[in-house]
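Remember, it's 1-based here, ligands and their atoms both numbered in the order they're listed. Note that the structure is predicted; figures quoted are calculated from it, not measured. Values below: all heavy atoms of this structure, side chains included; hydrogens, waters and symmetry mates excluded.
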Amino acid sequence: MKSSAPGKIILFGEHAVVYGRPALAVPVTQVHVDVEVLDSPRKGIWIHAPIIDLHAELNSLPPDHAIASVILKILPSPLRPSPSGRGDGGEGGLDIHITSTIPVAAGLGSGAAVSIALIRALSSFLFLDISDDQVNSLAYEIEKIHHGTPSGIDNTVITYAKPVYFIKDKPIETFRAAKPFTIVIGDTGIPALTKESVGDVRRLWTKDKLKFESIFDEIAQIAIVARRSIERGNPQLLGELMNQNHSLLQEMTVSSPELDKLVQAARDAGAPGAKLSGGGRGGNMIALADQATAESVARALMSAGAKNTIITEVA
Ligand code: MEV
């Protein structure tokens with residue numbers, strides 16, 4: 001049984017979204033996690049994830065291991081007989097193959113994509129009928145184990161694989177671009193854990209709530225105006241909004257010299273706006289472009305030190 005999940009980028013509102021403000025995110029289908037679950041003649045549940053150099057039997061991993069915890073959620077006990085009779089320790093076991101083209105710790109949602117592809121592949125292998133809403137809430141539980149206080153935006157945009165206007169604990173709202181627009185994604189190549197930047201922002205917020213609440217409010221306004229611009233077919237307005245959002249993220253201390261350098265390089269190459277995307281400190285940034293300028297913005301990002309670029313269309 002196979003399942004695939006895309007990556008994601010946040011267009012506007014990262015970090016503020018943890019504090020109840022709206023954020024916009026879109027799936028990135030150029031990168032993905034693929035999971036295949038197969039019968040195996042040998043006993044046990046074997047996980048093969050070459051991207052993280054993992055080849056192990058489930059019971060040899062700690063229960064809170066990022067991949068083991070997902071499997072244990074779907075299959076609470078490895079010895080539990082399943083409707084298909086698999087995994088009961090008596091008739092051979094399972095091989096779970098996980099491959100991914102989503103860079104790890106880069107703000108592209110690799111963790112949530114692994115959870116979601118794994119939940120879907122395992123549940124269909126076990127003939128468990130599981131809705132998107134169930135996939136989403138299971139993936140959110142896993143995010144909470146590994147990321148401290150996640151807003152839930154990553155698991156939501158990846159589960160539904162649609163652009164989302166997301167407010168924590170509110171019903172999911174998707175949006176459509178009245179006019180397609182192009183985004184260039186640039187990877188600093190510097191791994192950065194979202195959990196750490198989210199934790200740092202929380203410490204700063206605790207010390208100066210007035211300042212941080214007002215930054216979050218400004219970001220909320222940007223996200224609201226951005227959604228309206230996208231839905232009304234005025235994506236050219238997004239550039240300035242990205243620049244404003246990036247300045248506010250700098251004030252929150254989640255940018256880095258490498259991210260700032262790529263953001264500046266994109267603007268110098270003609271992008272009307274650019275910002276970091278995701279947790280920050282490293283990982284990815286995004287720039288607004290159009291079909292004509294996307295390639296030259298991507299080249300400028302590479303010259304400024306990006307390790308990789310992706311051109312994606314929000315349609
Ligand atoms: C991570 O993709 C986005 C953050 O806002 C964290 C979260 O929403 O959980 C930084």
Side-chain angles (χ1 to χ4, degrees), residues 5-28 31 33 66 100 102-116 136-170 172-173 183 185-188 190-205 212-213 215-220 222-223 226-227 242 245-246 248-256 259 275-286 310 312:
K8 70 99 215 307
I9 45 161
I10 297 196
L11 296 180
F12 295 96
E14 51 276 270
H15 286 289
V17 68
V18 175
Y19 298 81
R21 274 46 168 213
L24 272 65
V26 294
V28 178
V31 285
V33 168
S100 176
I102 308 179
V104 176
L108 290 178
S110 72
V114 167
S115 299
I116 288 158
N136 193 29
S137 49
L138 275 169
Y140 186 40
E141 282 179 45
I142 304 289
E143 291 279 286
K144 282 193 264 190
I145 299 175
H146 303 295
H147 299 299
T149 56
S151 62
I153 191 168
D154 288 13
N155 48 280
T156 302
V157 64
I158 293 172
T159 298
Y160 297 94
K162 285 189 183 138
V164 295
Y165 175 85
F166 180 87
I167 303 176
K168 193 175 170 193
D169 300 328
K170 291 273 159 63
I172 294 143
E173 290 180 56
I183 296 287
I185 305 170
D187 189 355
T188 60
I190 298 170
L193 293 177
T194 300
K195 188 179 179 171
E196 282 174 14
S197 61
V198 169
D200 289 349
V201 169
R202 185 159 295 272
R203 273 183 286 281
L204 293 168
W205 170 78
F212 275 74
E213 287 293 323
I215 294 178
F216 298 153
D217 284 342
E218 279 189 69
I219 292 177
I222 291 173
R227 177 186 184 172
M242 283 185 184
N245 197 163
H246 186 70
L248 292 163
L249 288 160
Q250 284 175 317
E251 262 192 73
M252 285 162 60
T253 77
V254 294
S255 193
S256 70
L259 281 164
K275 63 179 277 295
L276 73 86
S277 176
R281 298 269 162 80
N284 280 275
M285 48 71 68
I286 56 173
I310 298 170
T312 190

Taking a 3.5 Å cut-off between nitrogen or oxygen atoms, can you list every pair linking ligand 1 to the protein, with distances?
residue: ligand 1; atom: 2 (O); partner: K8; partner atom: NZ; Å: 2.9
residue: ligand 1; atom: 2 (O); partner: D154; partner atom: OD1; Å: 2.9
residue: ligand 1; atom: 2 (O); partner: D154; partner atom: OD2; Å: 3.3
residue: ligand 1; atom: 5 (O); partner: H15; partner atom: N; Å: 2.8
residue: ligand 1; atom: 8 (O); partner: S151; partner atom: OG; Å: 2.5
residue: ligand 1; atom: 9 (O); partner: S151; partner atom: N; Å: 2.8
residue: ligand 1; atom: 9 (O); partner: S151; partner atom: OG; Å: 3.4

Apply side-chain contact (heavy atoms from CB on, under 4.5 Å) to the pair L204 and F212, showing each step before the final yes or no.
CA-CA 8 Å; L204 293 168; F212 275 74; 3.5 Å; yes
Does NZ or CZ of K144 fall inside the cone over Y140's six-membered ring, less than 6.0 Å from its centre and within 45° of the axis?
yes
Non-hydrogen side-chain atoms of E14 and N245 separated by less than 4.5 Å:
yes
Separation between CG (L108) and CD1 (I9), nearest 0.5 Å, reads 8.0 Å
Whether Y19 and F216 hold their rings parallel, tilted or perpendicular, with breakpoints at 30° and 60°:
parallel
NZ/NE/NH1/NH2 to OD/OE distance under 4.0 Å, R21 and E213
yes
